[in-house]
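So the structure is just underneath, and the comments pick up after that.
Because only heavy atoms are used, hydrogens play no part in the values below, and waters and symmetry mates are left out as well, while side chains stay in. Residue numbers start from 1 in every chain, and the chains themselves are labelled A, B, ... in the order their sequence lines are given, proteins ahead of strands. All values reported here derive from a predicted model rather than from experimental measurement.
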Amino acid sequence: MNLMIIENVSKKFGGIAALKNLDLAVEKGRILGVIGPNGAGKTTLINVITGYEKVDAGKINYDGKDISKLPPHVRARHGIVRTFQIPRCFAGLTVLENIMIPVLLRHSRGEAERRARSIAERMLLGDDLHKQAETLPVGGLKLLELARAYAASPRILLLDEPMGGLSQDRMEPIIRLIREMREDGLTIILVEHVMKAVVALADILAVLNFGERLAHGRPCDVMKLKAVRDAYLGEGHA
Amino acid sequence: MDYISPTSIDARLAEEVALSRNVIALIIPFIILFPVTASAQETFRIGAPLPMTGAGAAFGEKFKKAYTMAIDEINAKGGVNGRKLQLVIDDTQAQPPLAVTSVKKLVTSDNVVALIGGWASGVALAVAPLAQELRTPYLLDHPALDDITRQGNDCVFRLQPTTGMYSAALEDFLINVVYERQKKPIKAAYLYVDNAFGQGVAKYGIMPFFKEHSDRFVLGVCEAYSEKALDYKPLLLKVKNASPDVIIFTSYLTDGILLGKQAKEVGLTAKLVSGTGAGHSMQDIYEKSGGAVEGYFSSGPWHGDVTSPAWKKWRGDWEAKYGYPPGEHEIEGYVAIQVLARALESVKSRDVVRQREELRVGLKRTTMVTIFGPVKFENFDGYTNQNRAYNLTALGQWIGGKLYQVWPKRVAERDPKY
Amino acid sequence: MLLSSLVINGLFTGLIYGLIAVGLTVIFGVMRIINMSHGDIVMLGMYSAWILFEKFGVSPYVSMFLTAPLFFLLGSLIYEILDPIPLKRREMSSLIITLGISFVLATSAMLIFTADYRTVTLPYSQRVIDILGTRLGYPALISSAISLVLMCLFRLFLSRTHIGRAIRATAIDRTSAALLGVNVKRISQATFGAGVVLAGLAGGVLAPIYYVYPFVGSNFIIKAFAVVVLGGMESVTGAIAGGLILGVAEALGGAFLEHSLKDIIVFVLFLGVLFFRPTGLFGGRERNR
Amino acid sequence: MKRSSHRDLVALLLCLGVLSLLPAVIDTRRMPYLFDVLFSVNVAVLLASSWNILGGFAGQVSFGHAGFAGIGAYAVALLPHHLQWSPWLSLPFAGIAAMIAAILVGGIAFRLRGPYFALSTLALAEVARLVVEGWRSFTEGTQGVVIQQKPLYLFEADGALFYITSLWLAGIALLAVITIGQSKSRYFLHAVGESEEAASALGVDAWRCKMSALLPSAFLAGMAGGILALHTGFLDPESAFSISRSVEPIILTVVGGIGTALGPVVGAVILVPACEFLRSRFPTGHLLLYGVLLVVFMRFMHGGILGMVRRKRL
């Protein structure tokens with residue numbers, strides 16, 4: 001069953017099309033990997049799904065309902081939660097408090113703190129609970145971004161390059177965490193540049209180019225397509 | 001709840017409470033000791049809430065000079081009843097809320113026997129009821145808005161005419177000379193500065209006049225303008241478009257300068273252009289507009305017979321002391337101190353509260369002639385303690401860089417160029 | 001006829017508004033500092049023009065360039081005060097510091113020059129030229145023309161010279177600029193200096209057409225903010241456009257509304273622009289925090 | 001959590017109670033100047049705390065609090081003027097009027113971020129001033145309105161009454177600050193202030209959150225303007241909406257420590273008497289000294305006085 005169906009969505013910025021008649025669907029409990037060269041419309045896709053940009057045309061169906069008119073925080077409350085490519089921690093709050101923010105929307109403070117702690121432990125932030133968030137290194141910030149999103153009790157999680165800018169050994173735990181989330185039944189849309197990670201994680205892979213869907217299918221199949229190799233992998237993988 | 005994270009907001013709040021408690025505890029003794037009570041005084045202190053900083057500072061400075069000169073002269077002659085006068089200035093920045101605090105400080109902490117000045121009408125409106133409440137005589141020497149002496153405050157005295165009187169000489173001239181010569185309805189335009197002074201002159205002076213004489217005068221463009229604008233040309237173009245015979249301005253100094261210059265620039269002329277005192281009677285307007293106001297009239301409070309020897313001598317003294325010729329502010333301030341000094345002669349007690357009451361009675365009884373005319377505070381037509389004796393305005397004209405009195409005829413220095 | 005005169009007038013005044021605002025824009029763009037002392041530096045520019053004119057008879061249009069180095073020095077000194085403050089705190093701290101500097105400058109001017117109003121009356125101050133049926137005084141014309149030239153030169157300086165490009169790089173991203181070998185502190189200091197010089201030049205341009213007194217700065221500061229925001233906070237072109245729009249709006253407002261209410265048009269226009277373009281006319285998309 | 005908020009409340013009430021007794025110890029009639037300075041401190045605490053709810057907690061720096069204060073002041077001046085009410089009874093309407101204006105301000109300015117927000121609030125305050133100046137038949141325009149400080153039934157409108165009223169208003173402001181400071185919403189406000197996008201991605205309704213800070217902030221600012229106008233007894237648009245009234249709470253809050261709950265109190269208690277002292281001692285030069293004081297202060301204490309609390313933590 002598809003949890004989210006994107007139908008014929010278009011989005012233009014000042015005459016330049018960022019998304020062009022895009023169709024995509026994610027099945028419940030699966031990971032959809034989205035790849036594409038810079039400017040292919042990946043982040044725009046996340047923005048459109050989470051409500052940060054309004055669609056010019058098309059529909060976004062979530063759990064059977066069209067959500068394309070709802071503001072971001074309402075979508076988030078319905079379980080559509082995103083992360084940002086550049087981590088946006090709440091400076092001035094501790095790591096624990098950062099994670100508490102979404103939990104506080106639903107629970108009392110004591111309960112929120114308890115839950116946030118357990119999420120932090122799980123997300124490998126247990127040692128940094130009382131550090132000021134802005135003092136974390138990049139890797140920590142990426143983890144915090146993920147932990148905070150997870151704390152918002154998502155049904156579908158949209159990850160914008162969760163591994164961007166990380167070294168190999170720092171990626172491993174994140175890959176493991178994402179896989180665990182999937183095993184918990186979470187649906188995930190993963191936008192990522194790091195090929196290895198996407199191939200390792202995604203159930204279905206979509207390739208965007210100039211806002212259009214270039215290919216769609218099982219990762220191993222998609223990677224074999226010539227068009228994909230030309231458009232995206234050309235330099236990096238040749 | 002059993003644990004509070006050490007950097008959580010609550011913990012921080014607790015620390016803040018502790019820290020601010022210490023800081024405040026440290027400060028409080030200073031605040032309590034703050035107002036210094038003046039020692040028993042051998043002088044008469046006169047409190048002047050004036051704008052010494054901010055946009056009105058130039059005028060605060062003028063009054064400070066005028067008061068200082070008068071007080072120095074009186075003290076040189078031994079003061080009043082053997083006591084010297086002493087001026088205490090407090091900066092109001094021309095802001096009524098600050099003026100209120102200033103006055104409380106002057107009255108209760110500096111123990112002044114009288115209040116003087118205030119410059120702006122808004123300040124005086126706030127100070128007057130307070131002076132009344134504190135039973136301290138307040139002598140106004142410049143704030144002109146009519147309402148100030150219409151509140152029945154017996155501690156509030158006003159030396160100079162009110163805004164409603166400013167334009168009297170001009171109105172007289174318009175009817176008796178301008179209309180008589182043309183013999184058909186005259187088109188007029190009126191621009192006034194949008195502040196208490198401008199609104200006052202418009203409301204109590206110019207507008208009622210044009211309403212009353214609508215058979216002879218047609219008031220076309222009639223607008224309040226903002227005081228600090230950079231460009232008045234749009235406004236002046238609008239006036240030019242209506243091609244009036246008579247243009248009247250009610251302006252302060254800076255706006256008056258720009259209006260004069262820019263009227264030249266857009267080529268705005270009329271048979272008669274007149275200001276209503278204030279900016280247009282100040283020497284500065286001629287020099288700083290580069291002579292653009294040559295030929296302008298100005299109808300304002302009469303500041304004495306400028307041809308009299310006493311006036312000329314005073315003018316000479318002023319120029320010798322400060323290096324520039326005095327204008328309306330300077331003479332108002334100077335005379336105000338003389339009036340206070342005269343009234344202080346009847347003050348005999350040593351207790352400041354009683355001194356104030358004696359001074360109030362003394363002011364009420366004062367009848368004197370100063371260099372700019374007679375002074376007597378009277379109650380009439382809803383005014384209280386308003387000096388009526390010189391309820392007279394004169395029309396001046398800028399001719400060759402000097403403002404000559406040209407109307408009414410009996411005080412004219414020369415004939416108007418019209 | 002009246003309309004064309006109003007628009008022409010508005011455009012000429014707008015150029016001067018633009019110049020007043022450019023300095024504010026460039027300082028904000030590069031350092032995210034709102035320089036509250038900007039108006040007072042304009043005031044200093046006017047006083048220096050006045051004093052050189054009174055004492056030595058130097059035309060403000062000449063003296064403004066002679067004193068420019070002093071203003072650069074002043075700007076660099078102010079920056080020295082701000083520099084040690086950590087970036088995260090700088091936005092608010094610098095607001096208070098520049099405000100303090102504004103008090104210091106205005107009061108010092110009062111103690112030095114007294115509170116009297118001063119004007120510069122040039123020999124040709126009453127000469128008038130006719131442009132398309134609109135009469136303009138020589139000083140107004142020259143001031144506007146110099147403003148335009150200065151703004152264009154500054155624009156070219158930013159896009160064509162090495163330092164200019166370094167300034168723009170710093171404005172876009174401090175960290176990356178530093179990585180590319182830009183000495184960010186130097187560039188910031190130079191930018192602050194440049195912003196202050198522009199304010200001083202604006203003072204020189206204003207001196208012959210306005211009056212000066214120690215607290216005159218507050219007359220411009222709100223308008224300057226309006227121009228900066230209209231244009232988009234970081235863009236020099238935006239400041240020019242914002243100035244022109246403000247000038248014309250004010251001229252039309254002053255003629256068709258009551259003059260004292262003309263600013264309502266200005267601010268409603270201002271809010272209207274922001275409503276549709278939340279980052280001003282020429283502002284980019286917001287930078288991520 | 002409950003216990004600590006309880007304790008703070010008791011401490012606050014105790015403080016207010018003790019300070020309320022001051023007029024019984026010191027005769028206000030003999031020292032009205034002292035009570036005026038204390039009144040100014042109270043109003044400054046009120047205004048700065050109100051600013052702090054929006055600017056400090058929610059990170060929305062406003063340059064337009066003079067607008068709210070001015071509208072509140074005009075409510076106090078015009079209700080008695082047109083309806084012959086007691087000015088004291090119209091005081092609560094100062095807050096309500098400012099709050100109504102705030103709904104409008106939120107609608108327009110909350111679309112904007114950072115400096116754009118700040119400067120648009122400045123513009124809105126200017127619009128409010130111009131409307132008051134232009135609507136002469138209703139507001140008396142630039143000529144201003146005289147407010148009769150009619151006695152409040154049993155009391156006289158003297159220094160003690162103003163002192164105690166302003167004290168309790170400041171107390172209410174502190175109560176609001178502490179309540180918000182200890183509630184969940186302070187976390188949301190902080191989050192929205194740091195990054196609106198990130199907060200709404202987690203389900204926080206940023207607009208409502210900002211509005212929930214703006215409304216009490218505007219209410220308190222309106223009350224500050226109202227009581228100040230009542231105290232002055234006269235109101236004109238220039239002083240009611242003067243930009244310095246927008247700037248003052250920013251100075252007090254930043255010097256006291258931005259983002260802290262009690263910074264504005266510390267800032268007001270130190271700076272207001274200092275400023276008054278300088279003004280009364282140096283009528284012409286006081287702004288110079290005040291300016292130097294601000295520069296030196298912020299140069300060496302960037303986080304403000306209470307900012308030290310945080311620095312220690314880092």
Using a strict threshold of under 4.0 Å (side-chain N to carboxylate O), is an ion pair present between B:D90 and D:R279? yes

How about B:T101 and D:D36: does a side-chain donor come under 3.5 Å of a side-chain acceptor? yes

Contact winner vs chain D - B:G60, B:S121, B:G122, heavy-atom pairs under 4.5 Å: B:G122

Distance in Å, B:D147 CG paired with D:F234 CZ, rounded so as to fall on 0.5 Å steps: 9.0 Å

Find the distance between CG (B:D91) and CG (D:L278) and round it off to the nearest 0.5 Å. 11.5 Å

Less than 4.5 Å apart, side chain to side chain, heavy atoms only: is that true for [X] and [Y]?
{"X": "D:M31", "Y": "B:T108", "answer": "no"}
{"X": "D:H231", "Y": "B:V100", "answer": "yes"}
{"X": "B:P97", "Y": "D:R245", "answer": "yes"}
{"X": "D:Q143", "Y": "B:N195", "answer": "no"}

Between D:L262, D:V265, D:T284, D:V266, which residue shows the highest count of heavy-atom pairs closer than 4.5 Å to chain B? D:L262

From CA spacing to verdict: side chain to side chain contact (heavy atoms under 4.5 Å, CB included), D:H286, B:M52: CA-CA 10 Å; D:H286 60 100; B:M52 300 311 293; over 6 Å; no

Identify the heavy atoms of D:D236 and B:P96 that sit nearest to each other, and give their distance. OD1-CG, 3.9 Å

Go through D:R136 and B:D194 one step at a time and tell me if the side chain to side chain contact (heavy atoms under 4.5 Å, CB included) criterion holds. CA-CA 11 Å; D:R136 290 189 192 109; B:D194 193 9; 3.6 Å; yes

Structural part of B:L106 lying under 4.5 Å from a heavy atom of chain D: neither

Part of B:S102 within contact of chain D (heavy atom distance under 4.5 Å): both

